[in-house]
Amino acid sequence: MIKKFVIDTLAEDVGRGDLYALVEPSVDASAKIIAKSEGVVAGVKYIDVLAELENFELVWLKNDSEVFVKGDVIATISGDSHTLLRIERTLLNMLLHASSIATLTRKYVDIIEPYGVKLLDTRKTRPQLRVFEKYATRTGGAVNHRIGLDDSLMIKDTHLKTIKDLKSYIAKARKQIPFTAKIEVEAEGFEIAKEAMASGADIVMCDNMTPEQIRDIVVYRDENFTHILLEASGNISLETIESYAKSGVDAISSGSLIHQANWIDISMKMD
C-alpha cells in the first residue's frame, strides 16, 4: 500500500517527464532537507520507499516522532541531479503533510498525557489519504481509532434513528460481527449513555457534551459498568482538551488533529 501510494504521488507530479531533464545533463548532486520552523518528524516510512524506488541515497538525522527546531538538518540526500530535482516536491509534500499533522497531534498529547488519557484520531480524513494521515497522527503520539467501517461497529446517532431496540440490536450484532470487533455507541446525553451501557456496548462515546456532563456519566460507569470504556468527542480543541481529560474518560477523539493541522516550513537546499 505504501509503495503504490508513493508511486502514484510521484507520477502525479512528474507527469510525462521533467522538462528540466531535457535541457541540462545530469551531474552528481547532494542536498539537505532543512527545517525552517519547529515540529515533529513524520513521513520517514514513506520517503524511505521513495528513495528505494528512485535510487538515491538518503540519510536521516531526525527520525519519525523526533522533535526538530528551526535550522535543523532533518536529512541529507545524494544522487544524480535529475533524480533529486524530480523527487524534490514529492518528498517535501509527504514530509510536510505528515509532519504537520504529527506536530499538532503532539501538542494535544502533551496536554493530556499527565491524566493517562489516550488521544484518538477519527475518520475525518482526506479522500484516499486515510492510512497516510492516520500514520501521521500515530507518529505524533495518538492512538488510531477505527480505520474504516469494517474493523469495529460504531452505532452513531444516525444509526440509532433506525434501531427500535438497542439491546436486541447489540445482541444480534454479537452473533454477526467478528469476535474481536468492539461495539461503540454514540451518546448525546446521560440517558442514552445509560441505555448503551445496559445494552452491552463496549465503548460509549460522549458526543458534544460538556466536561461536567461527562463527569456524571463517568461516575455512573464507575458504579455500575466498570468494564465499559468512555470516549469524549465533539469540537474538542487545544484550549478545551485538558478539561475533558480531567473528566475521567479513557480516551478523547478529535478530527482536528488532521483537518486543523497547518503546514510547517521545511525546504530542500542543494549543496
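Here, residue 1 is the first one in the sequence, and each next residue gets the next number. Since the structure is predicted, the reported quantities are computational estimates derived from the model, not experimental observations.
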Find the distance between [atom1] ([X]) and [atom2] ([Y]) and round it off to the nearest 0.5 Å.
| X | Y | atom1 | atom2 | result |
| --- | --- | --- | --- | --- |
| Ile155 | Met205 | CD1 | CE | 12.0 Å |
| Glu12 | Thr90 | CD | OG1 | 8.0 Å |
| Ile266 | Leu91 | CD1 | CG | 9.5 Å |
| Leu50 | Thr9 | CG | OG1 | 9.0 Å |
| Arg130 | Thr122 | CZ | OG1 | 8.0 Å |
| Thr125 | Leu257 | OG1 | CG | 12.0 Å |

Does a salt bridge link [X] with [Y], judged by any charged N lying under 4.0 Å from a carboxylate O?
| X | Y | answer |
| --- | --- | --- |
| Asp165 | Lys172 | no |
| Asp121 | Lys134 | yes |
| Asp8 | Lys4 | yes |
| Asp202 | Arg174 | yes |

Within the distance-only criterion (no hydrogens, no angle test), does the side chain of [X] pair as donor or acceptor with the backbone N or O of [Y] below 3.5 angstrom?
| X | Y | result |
| --- | --- | --- |
| Asp222 | Val219 | no |
| Thr103 | Ser99 | yes |
| Asp80 | Asp28 | no |
| Arg138 | Asn144 | no |
| Ser37 | Asp265 | yes |
| Glu24 | Ala21 | no |
| Ser65 | Thr139 | yes |
| Glu54 | Ala51 | no |
| Asp151 | Ile147 | yes |
| Thr240 | Ile236 | no |

Restricting to non-hydrogen atoms, name the atom on [X] and the atom on [Y] that form the minimum distance, rounded to 0.1 Å.
| X | Y | result |
| --- | --- | --- |
| Leu58 | Ala75 | CD1-CB, 4.0 Å |
| Ile217 | Cys206 | CD1-SG, 3.9 Å |
| Ser100 | Ala261 | O-CB, 3.8 Å |
| Leu153 | Ala173 | CD2-CB, 3.8 Å |
| Ala251 | Val117 | CA-CG1, 3.7 Å |
| Tyr244 | Met209 | OH-O, 2.8 Å |

Determine, for Tyr115 and Lys246, whether the Lys NZ or Arg CZ falls below 6.0 Å from the six-membered ring centre while staying within 45 degrees of the axis. no

Linked, directly or transitively: [X] and [Y] (ILVMFWY side chains, under 4.5 Å):
| X | Y | answer |
| --- | --- | --- |
| Trp60 | Val49 | yes |
| Trp263 | Leu238 | no |
| Ile214 | Phe225 | yes |
| Met154 | Ile252 | no |
| Leu95 | Ile34 | no |

Taking atom [atom1] as the centre, does [X] end up with more than 12 heavy-atom neighbours from other residues, nucleotides or ligands that are less than 6.0 angstrom away?
| X | atom1 | answer |
| --- | --- | --- |
| Lys62 | NZ | yes |
| Asp271 | CG | yes |
| Glu212 | CD | yes |
| Asn235 | CG | no |

Tell me yes or no: between the side chains of Ser199 and Tyr169, is some donor less than 3.5 Å from an acceptor? no

Tell me yes or no: between the side chains of Glu231 and Ser233, is some donor less than 3.5 Å from an acceptor?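 Ser233 and Glu231 do not have a side-chain donor-acceptor pair below 3.5 Å.
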
Is the Phe132 ring parallel, tilted or perpendicular to the Tyr46 ring (thresholds 30°, 60°)?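 Rings of Phe132 and Tyr46: perpendicular, as their planes differ by over 60°.
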
Would you please test Asp250 and Arg221 for salt bridge (charged side-chain N to carboxylate O under 4.0 Å, His left out) and show each step? CA-CA 11 Å; Asp250 302 287; Arg221 185 276 307 270; 3.0 Å; yes

Please walk me through it: do Ser78 and Ser30 pass side chain to side chain donor-acceptor pair (under 3.5 Å)? CA-CA 4 Å; Ser78 58; Ser30 61; over 6 Å; no

Please test Glu133 against His97 for side chain to side chain donor-acceptor pair (under 3.5 Å), starting from the C-alpha separation and ending with a verdict. CA-CA 8 Å; Glu133 292 182 332; His97 192 156; 2.9 Å; yes

Verify side-chain contact (heavy atoms from CB on, under 4.5 Å) between Ile74 and Val41, making sure each step is shown before the conclusion. CA-CA 8 Å; Ile74 297 174; Val41 176; 4.2 Å; yes

Report the residue from Glu188, Glu184, Glu186 that forms a salt bridge (charged side-chain N to carboxylate O under 4.0 Å, His left out) with Lys156.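 So, applying the salt bridge (charged side-chain N to carboxylate O under 4.0 Å, His left out) to Lys156 and each of Glu188, Glu184, Glu186, only Glu186 qualifies.
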
Trace of the side-chain contact (heavy atoms from CB on, under 4.5 Å) decision for Leu160 with Leu166: CA-CA 8 Å; Leu160 290 171; Leu166 182 58; 4.0 Å; yes

Full working for side-chain contact (heavy atoms from CB on, under 4.5 Å) between Leu104 and Ile258: CA-CA 8 Å; Leu104 179 58; Ile258 293 171; over 6 Å; no

